[in-house]
Amino acid sequence: MQIIVSTEIKAPVERIFKALNDEEEIKRWSKMVIGYIFEREEDRNQCYPGLTYITVQKQFGQVLEVKARIIESNLPHKVVARATVEDYIVTMTYAFDKQGEVVKVTQLQEYDIPSGKNRILFLLTSWISRLMLQKEMDRLKKYLEANSHAE
């Protein structure tokens with residue numbers, strides 16, 4: 001089971017990656033991600049296989065902490081992380097595809113949900129998650145294109 005969202009942003013990949021990972025920038029555009037917690041401060045703004053971190057998110061009025069691990073890093077093209085959330089595993093892939101002056105940013109979330117009841121729940125509610133993720137991607141685009149001069 002999966003959810004895919006994407007957008008095209010007129011900004012360099014490095015700038016997009018920074019907006020996705022720098023906590024001060026995230027606060028300016030994201031409605032879902034509050035910040036990140038790292039075991040070691042020197043891991044902040046790094047991206048390498050094996051790096052573990054906690055994403056602090058706000059969803060439906062609740063603050064959630066989700067522990068994730070980078071499993072693949074091939075910047076500036078792709079980053080893949082995996083997290084265990086309650087009783088399922090989600091693999092999140094960000095792909096960056098430069099197409100002329102724009103970069104197509106695609107977020108793929110793949111869910112491994114073993115329970116039949118939770119699979120049905122996913123099928124019934126995944127459209128909401130897709131809408132939320134697409135709105136988040138649209139906010140990222142709007143922020144970056146309005147602040148193209150910021151570094």
Side-chain angles (χ1 to χ4, degrees), residues 1-86 88-113 122 125-151:
M1 290 182 248
Q2 63 184 21
I3 296 172
I4 302 172
V5 295
S6 66
T7 193
E8 293 181 353
I9 303 174
K10 193 172 182 177
V13 172
E14 296 79 11
R15 180 74 184 98
I16 297 168
F17 186 76
K18 182 179 181 206
L20 285 167
N21 291 285
D22 182 275
E23 286 186 73
E24 292 307 311
E25 290 219 50
I26 289 169
K27 292 174 186 174
R28 294 183 189 120
W29 66 268
S30 179
K31 301 280 188 212
M32 293 174 61
V33 178
I34 297 170
Y36 300 103
I37 300 170
F38 294 90
E39 291 178 9
R40 302 175 325 158
E41 188 57 34
E42 59 264 25
D43 283 336
R44 188 170 302 283
N45 298 320
Q46 298 298 313
C47 186
Y48 59 86
L51 173 67
T52 58
Y53 61 95
I54 296 171
T55 302
V56 183
Q57 302 177 8
K58 187 174 185 179
Q59 293 183 18
F60 306 111
Q62 294 183 350
V63 175
L64 306 170
E65 291 187 358
V66 179
K67 187 173 184 178
R69 174 183 300 271
I70 302 289
I71 59 172
E72 181 182 342
S73 178
N74 183 17
L75 289 174
H77 307 289
K78 181 166 78 168
V79 176
V80 183
R82 182 169 291 140
T84 300
V85 182
E86 295 179 14
Y88 63 90
I89 297 170
V90 60
T91 303
M92 301 152 289
T93 302
Y94 277 91
F96 307 96
D97 182 21
K98 185 156 177 50
Q99 301 174 344
E101 290 188 15
V102 300
V103 175
K104 182 175 183 183
V105 181
T106 303
Q107 182 183 7
L108 165 64
Q109 292 195 350
E110 299 174 280
Y111 297 84
D112 181 8
I113 305 172
F122 175 85
T125 62
S126 60
W127 67 273
I128 296 170
S129 296
R130 186 190 179 292
L131 282 174
M132 289 173 53
L133 289 171
Q134 187 62 56
K135 284 185 182 243
E136 190 80 342
M137 191 75 73
D138 294 344
R139 282 189 290 271
L140 172 65
K141 174 187 173 94
K142 184 177 178 182
Y143 168 76
L144 283 168
E145 290 183 353
N147 295 283
S148 60
H149 61 281
E151 283 299 321

Value rounded to 0.5 Å, distance of CZ in Phe96 from CG in Leu75: 6.5 Å
Residue pairs involving residues 88-112 (criterion salt bridge (Lys or Arg N to Asp or Glu O under 4.0 Å); sequence neighbours excluded): Lys10-Glu101
For residues 63-72, please give each side-chain donor-acceptor pair under 3.5 Å, one per line with the distance, not counting sequence neighbours.
{"unit_1": "Arg69", "atom_1": "NH1", "unit_2": "Gly50", "atom_2": "O", "d": "3.0"}
{"unit_1": "Glu72", "atom_1": "OE2", "unit_2": "Lys78", "atom_2": "NZ", "d": "3.4"}

Whether Gln107 side chain and Thr93 backbone form a donor-acceptor pair below 3.5 Å: no
Glu136 (side chain) donor-acceptor with Lys31 (main chain) under 3.5 angstrom: yes
side-chain contact (heavy atoms from CB on, under 4.5 Å) assessment of Leu140 paired with Thr7: CA-CA 9 Å; Leu140 172 65; Thr7 193; 5.7 Å; no
From CD (Gln99) to CD (Glu8), nearest 0.5 Å: 5.0 Å
4.5 Å side-chain heavy-atom contact, Trp29 and Leu20: yes
Heavy-atom side-chain contact between Ile3 and Leu133 under 4.5 Å: yes
Side chain Ser73, main chain Cys47, donor-acceptor under 3.5 Å: yes
Heavy-atom pair with the smallest gap, counting every atom of Asn21 and Tyr36: O-CE1, 3.7 Å
Point-to-point distance, once rounded to the nearest 0.5 Å, from OG of Ser30 to NZ of Lys58: 11.5 Å
Nearest-0.5 Å distance that lies between atom OG1 in Thr106 and atom OH in Tyr94: 11.0 Å
Heavy-atom pair of closest approach, residues Ile26 and Val33: CG2-O, 3.3 Å
Heavy-atom pair of closest approach, residues Glu23 and Gly35: OE1-CA, 3.4 Å
Pair Arg15-Lys18, side-chain contact (heavy atoms from CB on, under 4.5 Å): steps then yes or no: CA-CA 5 Å; Arg15 180 74 184 98; Lys18 182 179 181 206; 4.3 Å; yes
Plane angle bin for Tyr88 and Tyr111 - parallel if under 30°, tilted between 30 and 60°, otherwise perpendicular: tilted
Interatomic distance, Leu108 atom CG to Thr91 atom OG1 [nearest 0.5 angstrom]: 8.5 Å
Side chain to side chain, Arg139 and Lys142, heavy atoms closer than 4.5 Å: no
Minimal non-hydrogen separation, Gln109 against Val90, with atom names: CB-CG2, 4.2 Å
CZ on Arg82 to CD1 on Ile89, rounded to 0.5 Å: 7.0 Å
Sole residue of Lys135, Lys141, Gln134 in side chain to side chain donor-acceptor pair (under 3.5 Å) with Asp138: Gln134
Heavy-atom donor-acceptor pair, Asn147 side chain to Tyr143 backbone, under 3.5 Å: yes
pair Phe38-Leu51: side-chain heavy atoms closer than 4.5 Å: yes
